[in-house]
Protein chains: 2
Amino acid sequence: MARRLPSLHGLRAFEAAARQLSFTRAAEELNVTQSAVSHQIRALEEQMGVALFRRVPQGLLLTEAGQLLLPAVRDAFDRLAVGVERVREHEASGTLTVSVSPYFAGRWLMPRIGRFRALHPGIELRISANPLYVDFTRETDIDLAVRHGLGTWDGLHAVRFLDDQVFPVCSPALRPPLETPEDLRHHALLNDEMHHYWDAWLAGAGLTGLAPSAGLRLTDIGLAIQCAIAGQGVAMARASLIEEELAAGTLIRPFALSIPADFGIYAVCPEAMADRPKIAAFRDWLIAEGRNDQPVLS
Amino acid sequence: MARRLPSLHGLRAFEAAARQLSFTRAAEELNVTQSAVSHQIRALEEQMGVALFRRVPQGLLLTEAGQLLLPAVRDAFDRLAVGVERVREHEASGTLTVSVSPYFAGRWLMPRIGRFRALHPGIELRISANPLYVDFTRETDIDLAVRHGLGTWDGLHAVRFLDDQVFPVCSPALRPPLETPEDLRHHALLNDEMHHYWDAWLAGAGLTGLAPSAGLRLTDIGLAIQCAIAGQGVAMARASLIEEELAAGTLIRPFALSIPADFGIYAVCPEAMADRPKIAAFRDWLIAEGRNDQPVLS
DNA sequence: AGCCTGCATGAGTTGAACTCATGCGGATGA
DNA sequence: TCATCCGCATGAGTTCAACTCATGCAGGCT
């Protein structure tokens, strides 16, 4: 710039005041006090070396200098607004790559994904089914991941969007049938990443001397659920992820007792990308879906 | 604006950095540190939710988003600069009303005014010859005045633009002629607003018991000079305001001794108008002329 | 005359914008 | 290969532009 511009905030205040012909209404639009606009305009007039407004009892009028200045300033701020919005819209469209476990994808995400796509037709989703935690430093094409845990991952922005009650589930064909919690002694308590809930649940049921089966370790919740459907044992399940099987009758919930899950389901991404519009849009959608579909607590 | 703009200072930093493809050069242009630009761009990228630059070893590159944003921001700041400059130029033209004493107008201002008009053809000057101090609160059409004094006028912006040596002048036809300062005893020491210099000059000349004539008080320096030309006495004169008479021989300088003037010649206007472009332009010109025509010191 | 509205202003506060100091990475030249 | 240079990044601390708060004033209206 050949010559120093006056205060940009002052020019913004000028534009709003000139359009509204009121410091008070301009202040409301800019979310500042009337006093702030008055000070801004005064400072701008000093910097410009000329009055821009005439304060008359009927209201504000632009002076000749103010009328001369307004078109350029209005254009400028309009151009800024258009340009900024275009970039934001552009950034809120394009491809979003989400990494989720196949189990979570099948049980929770895919049945709902249509609603996201309806809300954000401009965002092209790419779902990467991956049972393992994604390493964002190596897989840089992943924008966001869904993780199960406590949310304390260094360098990652994590938002918990699903809270659940947790309870045992089993096949209705399981033999001998589970009449009381004591009957669990006759069956394998399936040992997956939900295993730590057994201790709390069994204590709640008044049972001692029982623990998840040590002989069989399942790395994937989906496998554990399939074992339970096959009558091979009893699995611990989160309410929001077992609705389908309970509704279909392939699994039943033998006891009413449930406990709150300390592990949550989190939307996770690198801290530096948390504000990216696409990522924020998806995360916000997950949060809304998690709130809408809160399981009915027993 | 439908949506809050990001930081205007950030956008300004972005425009400069994008044009220069360098934070360091952008900082120099904006008169801030490289660190300030770096912080600004980082904050802007967070507010926009997208990277605008790629930092590569060869220098900066604009990302796709940055390329999308730049035209609108560049246009906007160009429009602001043009609009602001147009108003400033417009304000630096038009009519400027200057109040000066007739004496000062004749002896100093008018012989030089052509140079001002050549520099500022867009400013129409109106010279108001007024031997008295102008009261800006009553004569609101006066933009600027020239005053002789110490510059301590309340509520007024005063800039001293003429400093002078002061010395006695008289008609070459004065009788008896002035051979030594002692000969001043035979003549009237003319009493105008320059009268207070007599004490200091006479003391410097080693004379005691002499003072400006009490019987004749002249309210205007011009009158005193005319009296001196008529041989009616000896006047005290400022070097820069007596050149014409000395050159023409209508007055002579009988002694080499001179003293510095404590009173200066000031450009004066109301504080609140000091920054008006027309007024600033004229004042700056007076300062430049005062510097250029510094009298040769004896 | 009293009340209301909107702008003006001084005093004090706040936080965006800045500087300072320093670190890091990459290019270059010896 | 190493030392040096350059330019961007960053955290800590500082500065002052921008803001709020409180209040005053002028003019219009009832």
Side-chain angles (χ1 to χ4, degrees), chain A residues 1 4-48 50-63 66 77 80 84 137 155 270-273 275, chain B residues 1 4-48 50-63 66 77 80 155 270-273 275:
Chain A
M1 255 113 256
R4 212 163 179 71
L5 285 172
S7 159
L8 297 176
H9 286 234
L11 289 170
R12 184 192 63 170
F14 167 75
E15 193 275 333
R19 185 163 27 79
Q20 303 264 17
L21 289 181
S22 162
F23 289 1
T24 302
R25 288 195 294 272
E28 287 161 5
E29 175 181 310
L30 298 172
N31 289 318
V32 297
T33 61
Q34 168 269 323
S35 168
V37 172
S38 187
H39 279 298
Q40 283 281 11
I41 298 299
R42 184 178 198 278
L44 179 63
E45 285 175 331
E46 283 185 23
Q47 288 163 15
M48 296 298 296
V50 63
L52 299 171
F53 292 101
R54 281 175 54 212
R55 289 77 157 163
V56 297
Q58 296 88 345
L60 286 181
L61 297 178
L62 280 168
T63 62
F77 280 96
L80 287 181
V84 162
T137 62
E271 284 283 359
M273 304 180 65
D275 288 332
Chain B
M1 255 112 250
R4 211 160 180 72
L5 286 171
S7 159
L8 297 176
H9 286 235
L11 289 169
R12 183 191 64 172
F14 166 74
E15 192 276 332
R19 187 162 26 79
Q20 303 264 16
L21 289 182
S22 161
F23 288 1
T24 303
R25 288 195 295 274
E28 287 161 5
E29 174 181 311
L30 297 173
N31 289 319
V32 296
T33 62
Q34 168 270 322
S35 167
V37 173
S38 188
H39 279 297
Q40 283 282 11
I41 299 299
R42 185 177 197 277
L44 179 63
E45 285 175 331
E46 283 184 22
Q47 287 164 15
M48 295 298 295
V50 62
L52 300 170
F53 291 103
R54 281 176 53 212
R55 286 79 156 163
V56 297
Q58 297 87 345
L60 287 182
L61 298 178
L62 280 168
T63 60
F77 281 96
L80 286 182
E271 285 283 0
M273 303 180 68
D275 289 333

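Here the structure is a predicted model, which is why all the values come from computation and not from measurement. Residue numbering restarts at 1 for every chain, and letters A, B, ... go by the order of the sequence lines.
Contacts of A:Ala36 classified as side chain to side chain contact (heavy atoms under 4.5 Å, CB included), with partners at least two apart in sequence or in another chain: A:Val32, A:Thr33. Residues satisfying the salt bridge (Lys or Arg N to Asp or Glu O under 4.0 Å) criterion with B:Arg55, sequence neighbours excluded, are B:Glu45.
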Output a table of donor-acceptor pairs, distance under 3.5 Å, between side-chain atoms of residues 37-44 of chain B and any protein atom two or more places apart or on a different chain; print 'none' if there are none.
| unit_1 | atom_1 | unit_2 | atom_2 | d |
| --- | --- | --- | --- | --- |
| B:Gln40 | OE1 | B:Gly10 | N | 3.3 |
| B:Arg42 | NH1 | B:Glu46 | OE2 | 2.9 |

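Separating the CG atom of A:Leu61 from the P atom of D:dG27 is a distance of 15 Å, rounded to the nearest angstrom. If you take CD of B:Gln34 and P of D:dG7, they are 10 Å apart, rounded to a whole angstrom. Regarding B:Gln20, its CD atom lies at a distance of 12 Å from the P atom of D:dG7, rounded to whole Å. To the nearest angstrom, P of D:dC6 lies 12 Å from CD of B:Glu28. Rounded to whole angstrom, the span from the CG atom of B:Leu52 across to the P atom of D:dA9 amounts to 12 Å.
Contact annotation: the side chain of B:Leu8 approaches that of A:Leu80 to within less than 4.5 Å [non-hydrogen atoms, C-beta and beyond]. Side-chain contact between A:Leu60 and A:Arg54 is absent, with no heavy atoms from C-beta onward closer than 4.5 Å. In this structure, the side chains of B:Leu61 and B:Phe53 stay at 4.5 Å or more apart for every pair of heavy atoms.
The shortest heavy-atom contact between A:Gly66 and A:Phe14 is O-CZ, 3.5 Å. Nearest approach of A:Arg25 to A:Gln20, heavy atoms of both residues: NH2-O, 2.8 Å. Pairing each heavy atom of B:Ala18 with each of B:Leu62, the nearest pair is CB-CD2, 4.1 Å.
Contact check, A:Ser7 against D:dA17: no side-chain N or O comes under 4.0 Å of OP1 or OP2.
Put simply, chain A comes within 4.0 Å of DNA chain C, heavy atom to any atom, from C:dG6 to C:dA11, going 5' to 3'.
Rotation axes derived from the C1' atoms of the five outermost pairs at either end of the helix from C:dA1-D:dT30 to C:dA30-D:dT1 lie 20° apart, to the nearest 10°.
Within residues 37-46 of chain B, the residues approaching DNA chain C are B:His39, B:Gln40, by heavy-atom distance under 4.0 Å.
Listed for the B:Gln47 side chain is a donor-acceptor partner under 3.5 Å among the backbone atoms of B:Ser7. Checked by atom type and distance alone, the side chain of A:Thr24 never pairs as donor or acceptor with a backbone atom of A:Gln34 at under 3.5 Å.
Comparing A:His9 and A:Ser35 along DNA chain C, the residue whose closest nucleotide (by nearest heavy atom) sits nearer the 5' end is A:Ser35.
Nearest nucleotide to the A:Pro57 side chain, out of D:dC19, D:dC8, D:dG27: D:dG27.
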